[in-house]
Amino acid sequence: MSGKPRLTYCNGRGRMEPVRWLLAAAGVEFEEVFLETREQYEKLIKDGVLMFQQVPLVEIDGMKMVQTRAILSYIAGKYNLYGKDLKERALIDMYVEGITDLMQMILVFPFSPPEAKEKNLDSIKDRAINRYFPAFEKVLKHGQDFLVGNKFSWADVQLIEAILAVEEKIPAVLSGFPQLQAFKVRMSNMPTIKKFLQPGSPRKPPPDECYIETVLKIFKK
Amino acid sequence: MAGKPKLHYTKGRGKMESIRWLLAAAGVEFEEEFIETKEDLEKLRNDGSLLFQQVPMVEIDGMKMVQTRAILSYIAAKYNLYGKDLKERAWIDMYVEGTTDLMGMIMYLPFQPADTKEKNLALIIERVTTRYFPVYEKALKDHGHDYLVGNKLSWADIHLLEAILMAEECKPDILSAFPLLQAFKGRTSNIPTIKKFLQPGSQRKPPADEKFVAVVRKIF
């Protein structure tokens, strides 16, 4: 047996957090290796372990997987969180890609210069409220508990992650979205997700100064 | 019957080009409706045709699909270009993400300020020759097969050929240190559907020029 998946990344959210969410939601235990120094990172590159010299890296089922989307697709496929057929998969992919675009804005936000932060926060708010949340609010009007195929999928995990991440920055962001509010409560109460949301889980806190410094130290050329 | 897929985008490569490549390689005929003005885009948005108010949008099998990767994944799976199982799909996904990053760098080059172009081009060439191409050269070397994954043509191969040709447009001899990629390029270009797509008169779009950049800026 291959053992638990092993995640290699910095000790923070970044691009690995959706992977932690998905594994946790699927009820899959995993190990983590944290990058703390540039030397560690350079050793990984030298050892030929990183296909494109980048992390995230997830060792799973005998593969050294890189590229967040590839990793997430594999996990979703393996744990039956990818719909029942090609068309459901298409919907899940569309939803996930949209959410990823929104999360990308949040991902890069801590690294933007201080003078740009207010404008960037406004952009996140604008996109969440005017582009992404309305789309999912409309989808959920089908009256089912989950986004696609009346069954829990990767798209639901990605959406609850995004909702919570945006709320951290804009607390009242869901005020115009009753379906999303109900969705948030339902997802938060699913046993595996509920466990992940409790203190002591592998979930990482929002990025702080220390995290930003570490990332810049390790990756900046 | 569903009819031909219909692509909605501007009349240029951008994010739609990889979709044109994949459909063409799969031997699938498609129609195109070009967005030429801001009003064209607004109409699509007001019709509720764009899930996130963005293009590319492809009408296919009764769906109005958006998000390039979602569209490409669907086409790849539908036309058996996505490997035979989950693990092959994982490899294809990893390779495609690499070529996507590579082509993404090249795609944005015409939209960057003139004084940064030279520096950005140099960075692209460095990344292509030290980060990306070595990976695909090694993959082909390790298994000695004609194709990247599972000894069978897949989305990864089509995407790689597209990336190679795009990189060569930046620097014509960029493959000089990569003999297996050169052979790969030769072989893959000669696949009948791809050969046809590479000929004049196909739906393949030319590289972005100043006129295209101006159109895109005006619309978006």
Side-chain angles (χ1 to χ4, degrees), chain A residues 2 15 45 48 50-54 56-58 60-80 82-83 85-102 126-128 130-136 138-139 147-148 154-155 221, chain B residues 2 15 45 48 50-54 56-58 60-80 82-83 85-102 123 126-128 130-136 138-139 142 149 155-156:
Chain A
S2 346
R15 293 187 185 284
I45 293 177
L50 304 177
M51 185 186 275
F52 300 112
Q53 296 148 32
Q54 297 164 316
L57 166 69
V58 174
I60 184 169
D61 296 339
M63 296 182 289
K64 290 180 165 51
M65 287 201 73
V66 297
Q67 294 290 348
T68 316
R69 265 183 202 81
I71 295 165
L72 290 166
S73 288
Y74 180 77
I75 295 166
K78 181 175 176 177
Y79 294 102
N80 293 310
Y82 221 161
D85 57 27
L86 219 54
K87 280 203 171 178
E88 285 194 353
R89 208 162 86 204
L91 283 174
I92 291 167
D93 279 340
M94 279 192 276
Y95 297 158
V96 158
E97 287 296 304
I99 295 164
T100 300
D101 285 348
L102 177 61
D126 175 59
R127 282 287 150 86
N130 295 316
R131 176 172 287 186
Y132 295 108
F133 286 177
F136 296 108
K138 187 170 176 217
V139 169
L147 284 169
V148 179
W154 172 22
K221 275 207 158 179
Chain B
K15 289 185 187 285
R45 284 174 169 164
L50 306 178
L51 182 63
F52 303 117
Q53 296 147 39
Q54 297 165 311
M57 189 269 277
V58 174
I60 183 169
D61 297 339
M63 299 182 286
K64 287 184 164 61
M65 286 200 73
V66 297
Q67 293 289 348
T68 314
R69 264 184 203 79
I71 297 164
L72 288 166
S73 291
Y74 181 76
I75 295 166
K78 181 176 177 180
Y79 294 102
N80 294 309
Y82 219 163
D85 57 26
L86 216 56
K87 279 203 171 178
E88 286 196 351
R89 209 164 86 203
W91 282 103
I92 291 167
D93 279 341
M94 282 193 273
Y95 290 143
V96 158
E97 288 296 303
T99 37
T100 298
D101 285 349
L102 188 175
L123 178 62
E126 195 212 320
R127 282 279 154 86
V128 167
T130 62
R131 177 177 287 189
Y132 295 107
F133 280 0
V135 170
Y136 303 95
K138 180 174 190 286
D142 285 350
V149 179
W155 172 21

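Sequence lines set the chain letters: A, B, ... in the order given, protein chains first and strands last, and positions in each chain run from 1.
Heavy atoms closer than 4.5 Å to chain B are found nowhere in F133(A), neither backbone nor side chain. Proximity to chain A involves both the backbone and the side chain of K78(B), based on heavy atoms less than 4.5 angstrom apart. Proximity to chain A is limited to the side chain of V135(B), based on heavy atoms less than 4.5 angstrom apart. For chain B, the nearby parts of K78(A) are the backbone and the side chain; heavy atoms of each come within less than 4.5 Å. In this structure, chain B has a heavy atom under 4.5 Å from the side chain of M63(A), while its backbone stays farther away. Of the two parts of R131(A), the backbone and the side chain both hold a non-hydrogen atom closer than 4.5 Å to a non-hydrogen atom of chain B.
The side-chain heavy atoms of M65(A) and D93(B), taken from C-beta on, include no pair separated by under 4.5 Å. With a 4.5 Å cut-off on side-chain heavy atoms, T100(B) and Q67(A) do not count as touching.
Across A90(B) and A70(A), no two heavy atoms sit closer than the pair O-CB, 4.3 Å. In this structure, Q53(A) and T130(B) approach most closely via the heavy-atom pair NE2-O, 3.4 Å.
Within 6.0 Å of atom CZ in R15(A), 12 or fewer heavy atoms from other residues, nucleotides or ligands are found, so the atom counts as exposed in its surroundings. Heavy-atom contacts from other residues, nucleotides or ligands closer than 6.0 Å to NZ of K64(B) number 12 or fewer.
Separating the CD1 atom in I75(B) from the CG atom in L86(A) is a distance of 10.5 Å, to the nearest 0.5 Å. Once rounded to the nearest 0.5 Å, the distance linking CE of M51(A) with OH of Y132(B) reads 12.0 Å. Between atom OH of residue Y74(B) and atom CG of residue D93(A) there is a gap of 12.0 Å, rounded to the nearest 0.5 Å. Rounding to the nearest 0.5 Å gives a distance of 7.5 Å between CZ of R131(B) and CD1 of I45(A).
Between chain B and the options A90(A), A135(A), S73(A), heavy-atom pairs under 4.5 Å are most frequent for A90(A).
Remark: the N130(A) side chain and the Q53(B) side chain contain no N/O donor-acceptor pair separated by less than 3.5 Å.
For F52(A) and Y95(B), the gap between ring centers reaches or exceeds 6.0 Å.
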